[in-house]
Participant: 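Please read through the structure below; I'll follow up with questions.
Both counts, for ligands and for their atoms, begin at 1 and track the order of listing. Only this structure's heavy atoms are used, side chains among them; waters, hydrogens and symmetry mates stay out.
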Amino acid sequence: MTDAHTAGPFVAAIDQGTTSSRCIVFDRDGRIVSVDQKEHEQIFPKPGWVEHDAIEIWTNVQEVVAGAVEKAGITRDDIKAIGITNQRETTVLWDRNTGEPVHNAIVWQDTRTDALCRELGRNAGQDRFRRETGLPLASYFAGPKARWLLDNVEGLRERAEAGDILFGTMDTWVIWNLTGGVDGGHHVTDVTNASRTLLMNLHTMQWDEKIAESIGVPPAMLPEIRSSAEVYGEITGGKLGGLLGGVPVASALGDQQAALFGQTCFSEGEAKSTYGTGTFMVMNTGDKIIDSCSGLLTTVGYRIGDEQPVYALEGSIAVTGALVQWMRDQMGLISTAAEIETLALSVEDNGGAYFVPAFSGLFAPYWRSDARGVIAGLTRYVTKAHLARAVLEATAWQTREIADAMTKDSGVELTALKVDGGMTSNNLLMQTLSDFLDAPVVRPMVAETTCLGAAYAAGLAVGFWNSTDDLRANWRRAAEWTPRMDAADRDRAYKNWLKAVERTMGWLDEDES
Ligand SMILES: Nc1ncnc2c1ncn2[C@@H]1O[C@H](COP(=O)(O)OP(=O)(O)O)[C@@H](O)[C@H]1O
Ligand SMILES: O=P(O)(O)OC[C@H](O)CO
């Protein structure tokens with residue numbers, strides 16, 4: 001509920017995430033006024049396949065927005081704008097006339113397009129895609145997922161070519177529905193989400209028709225690419241029309257870029273790392289499109305209205321918090337995620353064990369879909385407590401590899417890392433991270449940086465905040481960890497980690513993926 005310290009007006013943000021959708025209402029100081037959240041089903045039709053029901057997601061989004069507004073005890077007149085942030089790359093195609101998805105959404109973690117990506121690479125050349133889009137050809141990205149749907153849902157390609165089918169990442173799906181759906185919903189995406197499709201040209205910020213043609217996606221189904229902070233339309237659709245009709249929908253940012261924004265990394269060289277299911281480190285590179293030689297992605301950080309776009313380098317790690325979940329749900333070695341810290345603290349070190357969670361191959365900096373997980377260095381000495389340490393260290397070492405790659409590509413030495421996400425409540429992990437990076441690690445007061453970033457962008461678009469300087473003033477440090485590890489110990493352990501990583505590769509034969 002609102003109180004004297006959180007007098008309106010407010011902005012709201014929707015975070016349509018991989019496991020849940022949430023809505024948060026913020027006040028002008030960037031403080032949380034209310035939160036509502038709802039999980040959706042994870043659908044695993046085959047090994048390596050991950051799907052979501054886009055209708056369930058839209059229903060949940062409406063419920064959490066209504067829930068957050070109700071908990072805040074406010075009305076539409078108190079909300080100046082609503083922003084969207086979302087799990088990136090997850091792809092949904094739907095019929096523009098009925099609003100019905102033609103298939104479940106294919107989630108970013110889904111690897112069904114591995115073979116297709118290899119074939120595209122053989123035909124068109126990996127380098128061409130990287131040069132124009134900043135991305136390697138990998139099953140992670142949206143374009144090949146759309147192509148898979150067009151090839152596998154009967155009659156879909158003809159309907160798409162006739163202009164009856166719309167493509168969207170989750171930002172596009174949510175905005176189209178919020179702004180009216182079949183009754184004139186706006187079919188738009190923002191530059192950050194578009195930069196994850198393998199279809200947008202990083203230099204022109206428009207769809208690259210030649211690339212779309214070689215991937216096999218008809219341009220007629222693609223949304224209009226807009227900036228990350230501008231009014232796309234007003235809430236008119238669905239159950240929310242009555243509650244919040246007329247509220248401007250004023251931002252869209254992929255969740256990792258939203259976290260960069262929420263952490264106020266507005267200057268070149270500033271970086272943040274978000275620790276959730278996976279981990280994503282993003283560094284602001286200003287107006288520079290850095291062509292990574294080290295396996296990082298070149299992506300768009302954000303674009304405010306008609307200002308110049310701000311580019312970024314990203315290191316994406318597929319499995320970090322998901323490994324803790326695996327220890328809990330599949331192995332039963334802990335009963336809550338937080339318990340991993342207590343277990344790990346019951347021993348001094350990892351007992352010689354290194355755990356590389358290449359469950360769906362390795363993302364940055366390797367991009368190896370043939371890799372699978374290993375635990376290396378096992379002896380009879382190793383207990384589940386040592387494994388708990390190895391699990392936490394896996395997150396920290398993977399971050400170290402990304403940080404090294406960022407320094408190599410950008411020439412910027414990491415002086416401190418801003419962190420956020422569910423795993424940052426783990427003190428041992430944060431200390432280990434600082435030790436392995438040999439740099440301070442800082443966590444802000446508002447840990448919900450993803451929603452905060454979307455709220456900031458929406459607020460800037462409608463003049464609720466005037467400039468990024470206003471936003472910087474809201475950032476406050478809650479905790480800091482500084483390095484305590486002996487340099488020689490760190491170097492020795494890092495060497496072992498890299499040896500363990502090598503042992504994951506080439507596990508799958510080409511015809512097995
Ligand atoms: N104390 C903890 N120690 C280690 N991992 C944790 C802890 N608490 C939560 N996690 C992990 O963090 C993830 C949830 O974080 P969250 O930011 O909500 O993720 P997402 O946005 O990807 O759903 C889960 O994978 C969970 O295993
Ligand atoms: O929903 P999250 O937090 O797991 O983030 C997913 C990423 O956007 C995938 O690129």
Participant: Where the closest heavy atom to atom 9 (C) of ligand 1 is concerned, which of Ser425, Gly17, Gly422 has it?
Facilitator: Gly422
Participant: What I want to check is whether the side chains of Thr298 and Ser292 have a donor and an acceptor closer together than 3.5 Å.
Facilitator: no
Participant: Using distance alone, with no hydrogens and no angle criterion, decide if Asn193 and Asp171 have a side-chain donor and acceptor under 3.5 Å apart.
Facilitator: yes
Participant: Measure the distance from atom 3 (N) of ligand 1 to every protein heavy atom, then report the residue, atom name and distance (to 0.1 Å) of the closest one.
Facilitator: Asn426 ND2, 3.0 Å
Participant: Run the numbers for me: atoms of ligand 2, each under 4.0 Å from some heavy atom of Gln256, listed by number.
Facilitator: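 With Gln256 as reference, the close atoms of ligand 2 come out as 5 (O).
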Participant: Does the ring of Phe141 carry Arg88 above it, NZ/CZ under 6.0 angstrom from centre and within 45° of its axis?
Facilitator: no
Participant: List the closest protein heavy-atom neighbour of atom 8 (O) of ligand 2: residue, atom name, distance to the nearest 0.1 Å.
Facilitator: Asp255 OD1, 2.5 Å
Participant: Distance-only, no hydrogens or angles: does the His386 side chain make a donor-acceptor pair with backbone N or O of Leu378 under 3.5 Å?
Facilitator: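 Not a single qualifying donor-acceptor pair exists.
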Participant: What is the closest protein heavy atom to atom 18 (O) of ligand 1, and at what distance does it sit?
Facilitator: Arg22 NH2, 4.2 Å
Participant: As a check for students: among Ala388, Ala344, Ala338, Gly278, identify the option with a heavy atom nearest to atom 1 (N) of ligand 1.
Facilitator: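 Looking at heavy atoms only, the winner is Ala338.
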Participant: Please report which non-hydrogen protein atom sits nearest to atom 19 (O) of ligand 1, along with the residue it belongs to and the distance in Å to one decimal place.
Facilitator: Gly276 CA, 3.4 Å
Participant: Give the numbers and elements of all ligand 1 atoms closer than 4.0 Å to a heavy atom of Ala322.
Facilitator: 25 (O)
Participant: May I ask you to list the atoms of ligand 1 that are less than 4.0 angstrom from any heavy atom of Thr19?
Facilitator: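 Listed by number with element, the hits are 23 (O).
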Participant: Ligand 2 and Tyr140, any nitrogen or oxygen pair closer than 3.5 angstrom?
Facilitator: yes
Participant: Quick one: does Gly321 get an N or O within less than 3.5 Å of an N or O on ligand 1?
Facilitator: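 For ligand 1, there is an N or O atom that lies under 3.5 Å from one belonging to Gly321.
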Participant: Could you check whether the rings of Tyr494 and Trp397 sit parallel, tilted or perpendicular, using 30° and 60° as the cut-offs?
Facilitator: parallel
Participant: Using 30° and 60° as the class limits, which term best fits the ring planes of Trp326 and Phe359: parallel, tilted or perpendicular?
Facilitator: tilted
Participant: Would you kindly say whether Gln431 and Asn427 are connected by a side-chain donor-acceptor distance under 3.5 Å?
Facilitator: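 No pair is found: no donor N or O on one side chain lies under 3.5 Å from an acceptor on the other.
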Participant: Check each atom of ligand 2 against the heavy atoms of Gln87 and keep those under 4.0 Å away; list them by number with element.
Facilitator: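 Answer, ordered by atom number: 1 (O), 8 (O).
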Participant: Looking at ligand 2, does any of its N/O atoms fall within less than 3.5 Å of an N/O of Glu89?
Facilitator: yes
Participant: Check each atom of ligand 2 against the heavy atoms of Thr18 and keep those under 4.0 Å away; list them by number with element.
Facilitator: 1 (O), 2 (P), 4 (O), 5 (O), 6 (C)
Participant: Using only atom types and a distance under 3.5 Å, with no angle test, would you say the side chain of Gln398 pairs donor to acceptor with the backbone of Val319?
Facilitator: yes
Participant: Hey, is Ser20 touching ligand 1 through its side chain, its backbone, both or neither, going by heavy atoms under 4.0 Å?
Facilitator: neither
Participant: At a 4.0 Å threshold, what atoms of ligand 2 neighbour a non-hydrogen atom of Gly17?
Facilitator: 1 (O)
Participant: Is the closest side-chain donor-acceptor distance between Asp255 and Asn86 under 3.5 Å?
Facilitator: no
Participant: Are Tyr140 and Phe363 near enough that their ring centres are under 6.0 Å apart?
Facilitator: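 Between Tyr140 and Phe363, the centre distance is under 6.0 Å.
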Participant: Taking Glu401 for its side chain and Pro365 for its backbone only, find out whether a donor-acceptor pair lies under 3.5 Å.
Facilitator: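 The answer is no, because no donor-acceptor pair under 3.5 Å joins these two groups.
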Participant: Met281 and Thr399: side chain to side chain contact (heavy atoms under 4.5 Å, CB included), yes or no, with the steps?
Facilitator: CA-CA 8 Å; Met281 193 196 284; Thr399 311; 3.5 Å; yes
Participant: Determine whether the side chain, the backbone, both or neither of Arg196 has a heavy atom under 4.0 Å from any heavy atom of ligand 2.
Facilitator: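 No part of Arg196 is near ligand 2 at this cut-off.
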Participant: Can you report which non-hydrogen protein atom sits closest to atom 2 (C) of ligand 1, along with the distance?
Facilitator: Ala337 O, 3.8 Å
Participant: Any idea how Phe266 and Phe261 line up, ring-wise: parallel (<30°), tilted (30 to 60°), or perpendicular (>60°)?
Facilitator: perpendicular
Participant: Just going by heavy-atom distances, which of Thr277, Val391, Thr18 is nearest to atom 20 (P) of ligand 1?
Facilitator: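 Looking at heavy atoms only, the winner is Thr277.
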Participant: Going by the atom numbers of ligand 1, which of them fall below 4.0 Å from some non-hydrogen atom of Gln325?
Facilitator: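 Every atom of ligand 1 under 4.0 Å from some heavy atom of Gln325: 24 (C), 25 (O), 27 (O).
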Participant: Is there a heavy atom in Met423 that sits closer than 4.0 Å to ligand 1?
Facilitator: yes
